[in-house]
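What follows is a single structure, written as structure tokens, with notes after it.
For the single chain, residues carry numbers from 1 onward in sequence order. Computed from a prediction, not measured in an experiment: that's the story for all the values here. One-based numbering, in listed order, for ligands and for the atoms of each.
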Amino acid sequence: MDKNINDIIRQDLARFRGLLKQYDNFYDINQLHALAKYPFLLSYPQVKKHWKQYIDAGIRNNKDLKNVDLYLHIPFCRSKCSYCLFPSMPLKGKTQAEGYIDYLTEEMHFYSNAFRNIEFRNIYIGGGTPSILSSAQMSRLLKNMFGYFAFRKDGQRTSECNPHSASKPVFSVLRDYGFNRISFGVQSLNTKALRVNKRDYQDFKVVKQRISEAKRFGFTDINVDLIAGLAGDTLEGFENSFTKVAKLKPYNIVVYGLMPPRNSYLADNFHMNKYDYFTYHYPPMIKKALRVMAVICRKYGYIPDSLDPSKFHWGFRDKGHSGEDPGSGYTGEYGGCTLGLGSFSRSHIHGLLEYRNAQYVSHFNLRDRLFEAKKITLKDEMAKYIINCLDRESRISLSIFNEIFGDNLIKVFPYAIYALKQLKLIYYAKDNLIFRFRNPEDKYIYGLFFLK
Ligand code: SF4
């Protein structure tokens with residue numbers, strides 16, 4: 001019996017490693033669930049039916065329906081940065097943006113009656129580059145959105161911005177609609193790294209001006225994203241970028257370790273494959289960058305959320321500002337739902353369905369079977385919670401799990417726990433289950449055991 005189960009564990013381990021290799025995207029935690037189950041295709045009326053089912057059941061059973069978020073994806077950018085992993089494309093002109101807003105408006109109209117009893121909590125406009133819309137376009141988009149849907153007053157309302165396309169009129173429109181959080185994609189201030197990564201239009205003076213304008217407009221949370229390890233950058237270059245940004249005092253800074261895109265970026269710039277990059281190049285590079293970040297944080301008054309090198313991103317909060325947690329602007333925390341609108345958006349109906357619009361769409365067509373979907377159960381939600389914990393740190397508190405789900409993690413996932421113990425990848429320490437990470441890939445392997 002033991003021999004059989006150990007064979008199964010070994011086979012699973014080999015299969016999971018193969019899956020991650022095949023999909024070449026083990027660093028995208030959102031993809032992990034999709035790897036475990038083959039998605040099926042749904043149309044607009046079919047996904048709306050699931051939403052209605054969820055909302056009607058919630059109302060019937062007096063359930064808390066306060067955690068429904070809205071995500072809008074704007075897939076356009078000024079140009080495509082070489083390192084970019086996001087679904088985005090260069091904007092071809094004003095007409096394309098206008099047509100896309102029409103498409104989003106038709107989607108809102110289509111869903112509006114299903115959501116008439118819901119007040120959305122958070123709004124997140126991501127991309128691409130939402131700030132590439134003119135103030136008139138942003139105003140039309142938000143006017144339509146607030147016309148079709150209702151929103152709680154205490155929610156977080158975020159828009160991603162590129163410092164070079166954001167403008168005072170766009171900030172003004174966002175503030176008129178109660179947006180309280182701006183997330184600037186800056187990535188680097190090193191001239192060579194910007195040139196190598198086809199982002200050489202970026203100018204420090206503009207970044208500085210935009211951050212100070214956003215403060216004057218009264219956004220209560222202003223975040224700047226940076227990337228450590230870009231092609232063309234050096235440790236000194238990264239240190240310089242981080243220092244310059246820290247001196248501007250945004251309320252949060254989030255640093256991402258470079259996750260290379262699937263194209264020839266690694267081969268062209270680093271002359272190595274992904275295995276070598278993550279085994280030999282990435283870990284020492286990140287450790288050095290983290291040492292630099294720790295020193296700069298102390299000097300400029302930022303508190304790190306963690307300096308754990310097995311993570312892929314690290315948040316730093318300005319001590320003098322009582323804002324949100326770094327990186328907290330994303331919709332879709334545990335227990336909540338997200339309605340995603342637009343090309344490449346993802347939606348999540350708690351305990352029922354996850355789906356994504358995986359292509360660029362410019363016209364609303366009711367009959368299109370656009371959405372790659374998968375059914376999800378409460379056990380899937382638990383696995384997802386575990387995976388999200390692993391993305392943040394290497395431990396899970398058993399009592400917190402019990403508090404959230406009213407269930408015992410060890411009993412719900414006996415196979416995953418047994419397998420990971422046999423592989424000597426986990427151990428207990430008081431109330432915690434501790435995961436041993438040897439490289440960044442491990443947490444995704446662990447996740448797949450829980451999703452099995
Ligand atoms: S601006 Fe941002 S979303 Fe657009 S291509 Fe560059 S990194 Fe990607």
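Atom 8 (Fe) of ligand 1 lies under 2.8 Å from an N, O or S atom belonging to Cys84.
For ligand 1 and Ser79, the ligand atoms under 4.0 Å from any heavy atom of the residue are 5 (S). Of all atoms in ligand 1, numbered sequentially from 1 with element shown, those under 4.0 Å from a heavy atom of Cys77 are 1 (S), 3 (S), 4 (Fe), 5 (S).
Residue contacts with ligand 1, taken as heavy atom pairs separated by less than 4.0 Å, involve Cys81 via backbone and side-chain atoms alike.
Residue contacts with ligand 1 include Gly128, since one of its heavy atoms falls under 4.0 Å from the ligand.
The option with the heavy atom closest to atom 2 (Fe) of ligand 1, from among Arg199, Lys80, Arg78, is Arg199.
With respect to the salt-bridge test (charged N to carboxylate O, under 4.0 angstrom), the residues Arg140 and Asp102 qualify.
Atom 7 (S) of ligand 1 has Tyr83 OH, 3.4 Å as its closest protein atom, hydrogens excluded (heavy atom only).
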Handout entry: Step-by-step ring-ring contact (aromatic ring centres under 6.0 Å, His included) determination, Tyr44 to Phe364
Key = CA-CA 10 Å; Tyr44 277 104; Phe364 181 78; 4.6 Å; yes
Problem - Step-by-step salt bridge (charged side-chain N to carboxylate O under 4.0 Å, His left out) determination, Arg152 to Glu119 - result: CA-CA 6 Å; Arg152 274 166 55 181; Glu119 278 191 323; 5.8 Å; no
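Ring geometry for Tyr111 versus Phe115: interplanar angle over 60°, hence perpendicular rather than tilted (30 to 60°). In this structure, Phe219 and Phe171 have perpendicular ring planes: the angle between them is above 60°, well past the 30° mark.
Using modelled atom types, one finds no donor on one side chain facing an acceptor on the other under 3.5 Å when comparing Asn269 with Tyr83.
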